[in-house]
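Worksheet: the structure to be examined is printed underneath.
Computed from a predicted structure; not experimentally measured. By convention in this document, chain letters (A, B, ...) are assigned in the order of the sequence lines, proteins followed by strands, and residues within each chain are numbered from 1.
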There are 2 protein chains.
Amino acid sequence: MDNINKKEFKNTFIKCIEEKGLRHTKQREVIVDAFFSAGRHITSEELFNIVKKKYPEIGYATVQRNLNLLCKCCLAEEIKIGKQKTRYEQKYGNMHHDHLVCLKCGRLIEVNDDKIEKLQEKLAKKNNFTPIKHKLEIYGICADCKSK
Amino acid sequence: MDNINKKEFKNTFIKCIEEKGLRHTKQREVIVDAFFSAGRHITSEELFNIVKKKYPEIGYATVQRNLNLLCKCCLAEEIKIGKQKTRYEQKYGNMHHDHLVCLKCGRLIEVNDDKIEKLQEKLAKKNNFTPIKHKLEIYGICADCKSK
DNA sequence: AATGATAATGATTTTTATTATCATTTAGTA
DNA sequence: TACTAAATGATAATAAAAATCATTATCATT
C-alpha cells in the first residue's frame, strides 16, 4: 500500500518536472525516494545523510535544491519552528493539517479541525482578505512529556 | 492617552529588569521609547536606524540585545514570516491576536476570533496536549492589493 | 548513435541574520 | 568614592540557505 502511494508520489513529481521542462536524473530519483520513505518532518541535512548511503557522490546542494523543487511541486512544505533548522514535510495533494508543537521534546503532531478551517475563511472574508493558505501551530506540552 | 500606555509600558519594563537585577541605562531608555513609538512590527535593523538618530553612538548589538530582553519581559514577541527578517511586535499584557499576511505587499493585519481560540483549546485537549500559546497566520491577498 | 543546447550537479563561496566575544565603560551599592 | 558586575560597542563567529561556476549529464533533434 505504501508502495502505491510512493508510486503516486513519484509520478506526481515526474509530471511536475516534465511540465517545467526539467530533467530526470539519478540524483532526483534517489532523493525523492528517500524523501518519501523518510519520516514526516525531515531536515535537509538528515535527508542528505540518508541519501549519501545510497549515492555517496551526492552533494549537499543537490539535496537542498531538490527539496526546494519538491516544495515548488507542492509535494513538500517548509516548516520552521523556533530556531530549529527548516524541516520539510511531505504533502500528498491538497491534504492540509495543523501542528501541535511540544515545547519539551520538539515533537510535531499533525491535527485537523474543519470548524477551525471554516472560521478562518470567515475571519478572512470579514477583513476583505482572500486567503490562500494558512499555518496554525499550537505550542505546549504533549501527552508523553506530561506523563514523564 | 498614548502617553499613558507608554508610561505603563516603560514601567513594566523597568519592573522587569529590576526583578532580574539588571541595570537601567540611557540606551535602554532610548530603545524602549523608540520601540514603543515605532510601528507595530519592526525589525531590529529598522529600530536601530531610528534609535541612531537620537543616540548616534549606539551599537547594533545593543538594540538587538534589548529587543531580546523585551521579549523575555513579554513586552515584545518575535514574528517570523517566510524569509523575512524577524520582526518584533509590541505586546501589552496578555492581549493576543493572529495575523493575516499579504503575499503581495507583505502587510500584516492583526485579527482576533474567540471561537477559533476556543476550538483550538478543544483540539489540543482532544490530543491530550496542554496548549501554552499558539500562532495562526493566514496568507493571502489583502483588500488594498486586490483593488490595485 | 552523435550532436548540441542547456539543465543539473558538486564543490565552494557568498550572503545574511543573529549570537558570541571581549576590552572598555558605566551603574548602582556598600 | 571605590568596587563589582552588568552593559556597551566593535568586531568576530556561527550557521543556514542561496548563489556561483566549471564540469557533467540529459534529451530532443538529426
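Here the nucleotide nearest the side chain of S44(A), chosen from dA7(D), dA5(C), dA17(D), is dA17(D). Nearest nucleotide to the R28(B) side chain, out of dT8(D), dG28(C), dA8(C): dT8(D). Among the nucleotides dT11(D), dG10(C), dA8(C), the one closest to any side-chain atom of L22(A) is dA8(C). Side-chain proximity of T62(A) to dT8(D), dG10(C), dA18(D): nearest is dG10(C). For A61(B), the listed nucleotide lying nearest its side chain is dT11(D); candidates were dA16(D), dT11(D), dT8(D). Among the nucleotides dC27(D), dA18(D), dG28(C), the one closest to any side-chain atom of R23(B) is dG28(C). The side chain of K85(B) lies closest to dT18(C) when the candidates are dA7(D), dT18(C), dA16(D).
In this entry the distance linking CD1 of I17(A) with P of dT26(D) reads 12 Å, nearest Å. One atom, NZ of K26(B), and another, P of dG9(D), lie 13 Å apart when rounded to the nearest Å. Here dT9(C) presents its C1' atom at 16 Å from NZ of K52(A), a figure rounded to the nearest Å. For the pair Y55(B) OH and dA7(D) P, the interatomic distance rounds to 14 Å; values are reported in whole Å. Remark: C1' of dA17(C) and CD of Q84(A) are 18 Å apart, rounded to the nearest angstrom. Distance CD (E29(B)) to C1' (dA7(D)): 15 Å, rounded to an integer number of Å. With rounding to whole Å, E18(B) atom CD is found 13 Å from dA7(D) atom P. The distance from atom CD of Q64(B) to atom P of dA17(C) is 11 Å, rounded to the nearest whole Å.
Considering only side-chain N and O atoms, T86(A) lies nowhere under 4.0 angstrom from the phosphate OP1 or OP2 of dA16(D). Between Q27(A) and dA25(D) there is no side-chain polar atom (N or O) within less than 4.0 angstrom of OP1 or OP2. The side chain of N66(A) places an N or O atom within less than 4.0 Å of a non-bridging phosphate oxygen (OP1 or OP2) of dT9(C).
In this entry dT29(D) has dA2(C) as its Watson-Crick or G-U wobble partner, both defining distances falling under 3.5 Å.
Using bins of under 30°, 30° to 60° and over 60° for the plane-to-plane angle, the ring pair F36(A)/F9(A) lands in the tilted bin.
Each of E46(B), E77(B), E78(B) was checked for a salt bridge (charged side-chain N to carboxylate O under 4.0 Å, His left out) with R87(B), and the lone residue meeting it is E46(B).
Between the side chains of S44(A) and Y60(A), at least one donor N or O lies within less than 3.5 Å of an accepting N or O. Checked by atom type, the side-chain pair E18(A)/H24(A) shows no donor-acceptor distance below 3.5 Å.
Summary of the strand contacts: H24(B) and K80(B) both lie near DNA chain C, and taking for each the nucleotide with the nearest heavy atom, the more 5' one is attributed to K80(B). Comparing N68(B) and T25(B) by the nucleotide of DNA chain C whose heavy atom lies nearest to each, the residue mapping closer to the 5' end is N68(B).
Residues I109(A) and I81(A) are members of separate hydrophobic clusters, defined by side-chain heavy-atom contacts under 4.5 angstrom among Ile, Leu, Val, Met, Phe, Trp and Tyr. Under a hydrophobic-cluster definition in which Ile, Leu, Val, Met, Phe, Trp and Tyr are linked whenever side-chain heavy atoms come within less than 4.5 Å, directly or via other members, L22(A) and I31(A) are assigned to the same cluster.
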Let me see the working for D98(A) and H134(A) under side chain to side chain contact (heavy atoms under 4.5 Å, CB included), right down to the final yes or no.
CA-CA 9 Å; D98(A) 302 317; H134(A) 69 264; 3.6 Å; yes
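Within 4.0 Å (heavy atoms only), K83(A) reaches sugar-phosphate atoms of the nucleic acid but no base atom. R65(A) comes within contact range of at least one nucleobase, with a heavy-atom separation under 4.0 Å. Backbone-only engagement by E57(B) is indicated by non-hydrogen atom pairs under 4.0 Å involving sugar-phosphate atoms exclusively.
With K146(B) contributing its side chain and N128(A) its backbone, the two residues share a donor-acceptor pair below 3.5 Å.
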Hey, what are the protein-to-nucleotides 28-30 of chain D N/O distances that come in under 3.5 Å?
none

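In this structure the side chain of H41(A) never reaches within 4.5 angstrom of the side chain of Q84(A), judged on heavy atoms.
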